[in-house]
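For reference, the structure discussed in these notes is given below.
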Amino acid sequence: MNIHPKTQQAYQLLHDGVIALARAERQGIRLDVDYTRRKYRQLTRKIEGIENKFLQSKFCVDWKRKAKKEINPNSGKQLAWYLYDVLNLTPVKTTPSGQGSTDEDALSALNIPELDDLLYSRKLKKIRDYLDLFQREQVDGYIHPVFNLHFARTFRSSCDSPNIQNTPKRDDEAEKIVRGALFPRPGHQLLEVDYSGLEVRIAACYHNDPTMIKYINDPKSDMHSDMACQIFKIDDIDKSIPSHYTLRQAAKNGFVFPQFYGDYYKNNAISICNDWVKLPQTSWKWGQGIRFMPLIVEDITIPYNTISDHLIYEKIKSFNAFEKHLQDIEYDFWHNRFSEYAKWKERWWQGYQKYGYIDMKTGFRCGGVMSRNDCINYPVQGAAFHCLLWSLIKLDRLLTVGELDTKIIGQIHDSIILDMNPDERDYLIPQIRRITCEKLPEAWDWIIVPLDVDIELHPVDGSWADKG
DNA sequence: GGAACTCGCCAC
DNA sequence: AAACGTGGCGAGTTCC
């Protein structure tokens, strides 16, 4: 039987990857067990205080009276019943099964002060759950996350027992507590190697869109800043200005990435207004949303300009107008700016419908029932991860063959985490750059754009929360 | 009393 | 024309 060389390559990548990841698993990540116990108890006391306060509030007393039984404040079902059936409030959204939502967005929108206590206790419990899991899984002060290569439909990895790939990093309080429990071996330091914009770059290897390739090749250009200018009608983005940086984040996480995943302007409008610029889904008034820039009107500087002031000034006066504006931008995005990308998406979807499968650049085949978005996302997600896996395998060999003291201890889709001996730092960092950015594109000729990594060093004996 | 489900929420 | 991809895990709930 003939085996396609790419299939052989994919097969070999999984085999080599499993072994390299098993070594990381055996090595493990040091947990400060005393800290974890202490912090767990401290959080428990805090949670009990907040829960008691909540349970004694007028809100809960009434809830309990209407329920005619003991209530469980952690039950979404009971809470939804009280809010939406008893109090007859209108949920801002529903869950997939049709029940009124009781997630953070939905509860915040109700403007019931007592619910803030519930949300805060939820958040603290979530943090405590991580510590609990670490504690249960640790053996002699080390956790040993399991890395799977055979679960994800995309041929990405998954991780469990514990899943180290979802430790909090966006919320400061959660990051500090949870990552603050994880350390390198004594005298060592944690090192993270992160491919920057990996999925965008790998997508470009499929669609070959010239505009996208220009963005990637020119480090001075910035797709997200350009989109922020277009979305918010400003001349340029100066990333050192905090409000500008927020607008760039809004464009990136509220429009560009969701669009790449297959989302559309209506959701983008809601996400940008809710999550980033804080504008209501109504007609806008002056002085709403995030603080933006000083506004100069006829030589008078108005110091506290807000984003609504600016947008109203630019003739976008309501949420509906903004949504329409985003619809135009979406059209421009796929018909003008990234038209080759759009054509590739369509070709890829047609190909799947004709043949019933899609093949990744890395030799893996995805079949079965797939949606249009699946067809577009899987090959990119998978191949991007395979770039990381290839690099991890090579780095593992370098460390093993050279009998270095530094060890790979984990991987998060586009990044590698190492427990490094500081004496090996000056040798290792150039080697890592060489493997990840030079050797990989040499090995895989379909990589037609430059690759880049961020290397973050944590302090010697510092935790995963301590910045270098 | 466990399997399978829903919901919420953490990461990329 | 239609409309956000991949995971893990906890609590609550329902089914058998």
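Just so it is clear, the structure is predicted and the values come from calculations on it, not from any experiment. Just so we're on the same page: letters track the sequence lines, and every chain starts at 1.
When the nucleotides dA3(C), dC7(B), dC12(B) are ranked by their closest atom to the side chain of Pro96(A), dC7(B) comes out on top. Taking only side-chain atoms of Arg153(A), from C-beta outward, the nucleotide of dG8(B), dA1(C), dG7(C) with the closest atom is dG7(C). Picking from dC12(B), dG7(C), dG5(C) the nucleotide with the shortest atom distance to the side chain of Arg170(A) gives dC12(B).
Among the protein residues, Asp263(A) comes within range of the nucleic acid bases, having at least one heavy atom under 4.0 Å from a base atom. The residue Pro258(A) sits close to a base: some heavy atom pair falls under 4.0 Å. When heavy atoms are screened at a 4.0 angstrom cut-off, Tyr378(A) is found touching the sugar-phosphate backbone but no base atom. Using a 4.0 Å heavy-atom criterion, one finds that Gln99(A) contacts the sugar-phosphate atoms exclusively. Backbone-only engagement by Thr102(A) is indicated by non-hydrogen atom pairs under 4.0 Å involving sugar-phosphate atoms exclusively. Note on Ser101(A): only backbone sugar-phosphate atoms sit closer than 4.0 angstrom, heavy atoms only; bases stay farther off. No contact: Lys266(A) has no heavy atom under 4.0 Å from any strand.
Atom P of nucleotide dA3(C) and atom CD of Glu346(A) are separated by 15 Å, given to the nearest angstrom. A straight line from CZ of Arg122(A) to P of dC10(B) spans 10 Å, rounded to a whole angstrom. Rounded to an integer number of Å, the gap from Trp349(A) CH2 to dA3(C) P is 11 Å. One can place CG of Asn377(A) at 17 Å from P of dC12(B), the figure rounded to the nearest angstrom. In this entry the distance linking CG of Asn253(A) with P of dG5(C) reads 17 Å, nearest Å. Taking atom CG on Leu118(A) and atom C1' on dG8(B), their separation rounds to 11 Å, with Å as the unit. Regarding Phe255(A), its CZ atom lies at a distance of 18 Å from the P atom of dA3(C), rounded to whole Å. A straight line from NZ of Lys123(A) to C1' of dA11(B) spans 16 Å, rounded to a whole angstrom.
Listed pair Arg156(A) / dT6(C) fails the phosphate criterion, with no side-chain N or O lying under 4.0 Å from OP1 or OP2. Not one side-chain nitrogen or oxygen of Ser97(A) sits closer than 4.0 Å to the OP1 or OP2 atom of dT6(B). Contact check, Thr154(A) against dG7(C): no side-chain N or O comes under 4.0 Å of OP1 or OP2. Contact between the side-chain N/O atoms of Thr95(A) and the OP1/OP2 oxygens of dG8(B) is not found at any separation under 4.0 Å.
Ring planes of Trp334(A) and Tyr341(A): perpendicular class, angle over 60° (limits at 30 and 60°). Note on ring orientation: taking the six-membered ring where Trp is involved, the planes of Trp444(A) and Trp446(A) are parallel (angle under 30°, cut-offs 30° and 60°).
Atoms CH2 and CZ, on Trp349(A) and Arg372(A) in that order, are 8.0 Å from each other to the nearest 0.5 Å.
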Report the C-alpha distance between Asp132(A) and Arg136(A) in whole Å, list the side-chain angles of each, state the deciding distance to 0.1 Å, and finish with yes or no for salt bridge (charged side-chain N to carboxylate O under 4.0 Å, His left out).
CA-CA 6 Å; Asp132(A) 189 30; Arg136(A) 289 201 319 267; 3.1 Å; yes
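For His386(A) and Phe364(A), the ring centers are positioned less than 6.0 Å apart. Residues Phe385(A) and Phe155(A) place their aromatic rings such that the two centres sit no closer than 6.0 Å. Between His224(A) and Tyr245(A), the ring center distance fails the sub-6.0 Å criterion. Aromatic ring centres of Phe59(A) and Tyr82(A) lie closer together than 6.0 Å.
Put simply, the side chain of Gln381(A) and the base of dG5(C) share a donor and an acceptor less than 3.5 Å apart.
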I'd like to compare against my own output: the B/S/- annotation of nucleotides 8-16 of chain C with a strict under-4.0 Å heavy-atom distance to protein.
BSS-SSS--
